[in-house]
There are 2 protein chains.
Amino acid sequence: MKIADVAEASGLSAKTIRYYEDIGLVRPARGTNGYRAFVETDVHKLRFLARARSLGFSIEECRTLLSLYEDRARASADVKALAEAHLRRIDRKIAELEGLRGTLATLVARCHGDERPDCPILDDLAGPSAGDAQ
Amino acid sequence: MKIADVAEASGLSAKTIRYYEDIGLVRPARGTNGYRAFVETDVHKLRFLARARSLGFSIEECRTLLSLYEDRARASADVKALAEAHLRRIDRKIAELEGLRGTLATLVARCHGDERPDCPILDDLAGPSAGDAQ
DNA sequence: CTTGACCTTCCAGTTACTGGAAACCCTACA
DNA sequence: TGTAGGGTTTCCAGTAACTGGAAGGTCAAG
């Protein structure tokens, strides 16, 4: 199998697959012409990686997941711990974004958004205007 | 004012402030010794930038916001449009993360997380196991 | 034997910084 | 006067995970 076929089969781009080889996630064999020659297990690994990445795991986490996947003596607790850590990270990120969303939505709602320069959004960004107290 | 004072006053690190000068967001004067000599408006700008960044605006958006802030003939509609675009981006990101969160939470819940190798999380990552149909 | 579609490697760029090295400056203290 | 310490300067490299592009090799068809 050549790289374009594998790209098609895995949903990753050829560029990404080469990159994954670069960083040691896969090690496809090479044909006499120097082309990468992928076998089924390579494709399977790449699909695994694509799925793990799509769930937001980092490359290093994917590396660990892959090694756990290939370790028949693994403990599912190790996998679960990784996934839980990732879940907590996602929760923190969501909370952070919802905070931003709240502030931003308030500012947007307050801004009339017309031709006039007067703008609560910029006022907020500029911070407390000390001069106003006067 | 020297850079450490400005860092203190703006909440940005000295490194970040130098970086912002590099990319043209601020242009502090220089003393005879080559040190950056910040004035109040520089500090104000940097605080503006720190606030905008903390709301998740990109550097390029911050640049635009800053130029709008300094443009006394601006239309608030322009600011609002920028903020609304950012808001939509945040909403999309939240939705994406909540999707991930749902999938991941399900998988984590299904995994017993003990010493045994059996793991629904890895099974999911490995994709539909064609062999199971038997 | 040429054309076009693949494939290869390698280098640069992306975002928004951060760390670190080497060197310069300033102040205080002995 | 010398020096120790803290600040400051510049510049280079690295981060995460690719992506784009250039230059060149390979292959199948006509």
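Letters A, B, ... are given to chains in the order of the sequence lines, protein chains preceding strands, and every chain is numbered from 1. When reading the values below, keep in mind they use all heavy atoms of this one structure, side chains included, and skip hydrogens, waters and symmetry mates.
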Quick one: label B:Ala14 by what it contacts on the DNA or RNA (base, sugar-phosphate, nothing), any heavy atom closer than 4.0 Å.
-> nothing
Under 4.0 Å between a side-chain N/O of B:Arg36 and OP1 or OP2 of D:dT9, yes or no?
-> yes
Step-by-step side-chain contact (heavy atoms from CB on, under 4.5 Å) determination, A:Leu65 to A:Phe48 | CA-CA 9 Å; A:Leu65 286 170; A:Phe48 182 100; 4.0 Å; yes
Taken to the nearest whole Å, OH/A:Tyr19 to P/C:dT8 is 18 Å
OP1 or OP2 of D:dC27 sitting under 4.0 Å from any side-chain N/O of A:Asn33?
-> yes
Has B:Arg53 got a side-chain N or O lying under 4.0 Å from the OP1 or OP2 atom of C:dC17?
-> yes
A:Ser58 side chain near D:dA16 phosphate (N/O to OP1/OP2, under 4.0 Å) | no
Tell whether B:Lys15 reaches the base of C:dG19 with its side chain through a donor-acceptor pair below 3.5 angstrom.
-> yes
Test: B:Glu60 and B:Arg63 ion pair at under 4.0 Å | yes
Any B:Thr16 side-chain nitrogen or oxygen under 4.0 Å from OP1 or OP2 of C:dA16 = no
Within a strict 4.5 Å, meaning less than it, do heavy atoms of the A:Asp124 and A:Arg110 side chains meet?
-> no
How long is the line joining CG of B:Leu25 and C1' of C:dA16, in whole Å?
-> 11 Å
Decide yes or no for A:Ile3 and A:Tyr35: does some side-chain heavy atom of the first lie under 4.5 Å from some side-chain heavy atom of the second?
-> no
Report the distance from atom OH of A:Tyr35 to atom P of C:dC6, rounded to the nearest whole Å.
-> 11 Å
OP1, OP2 of C:dT18 versus side-chain N and O of B:Ser13: anything below 4.0 Å?
-> yes
For atom CG of B:Leu46 and atom C1' of C:dC17, their distance in whole Å = 15 Å
Mind calculating the distance between CD (B:Glu21) and C1' (C:dA16) to the nearest angstrom?
-> 17 Å
Just how far, in rounded Å, is C1' of C:dC17 from CD1 of B:Ile59?
-> 8 Å
Measure from CD1 on B:Ile3 to C1' on C:dC25 and round the result to the nearest Å.
-> 15 Å
If two hydrophobic side chains count as joined below 4.5 Å and joins carry through other members, does B:Val39 share a cluster with B:Tyr20?
-> no
What is the distance from CZ of A:Arg30 to P of D:dT26, rounded to the nearest Å?
-> 13 Å
With respect to the phosphate group of D:dT10, does any side-chain polar atom (N or O) of B:Arg18 fall under 4.0 Å of OP1 or OP2?
-> no
Just to confirm, is there a sub-4.0 Å distance from OP1 or OP2 of D:dC18 to any side-chain nitrogen or oxygen of A:Tyr20?
-> yes
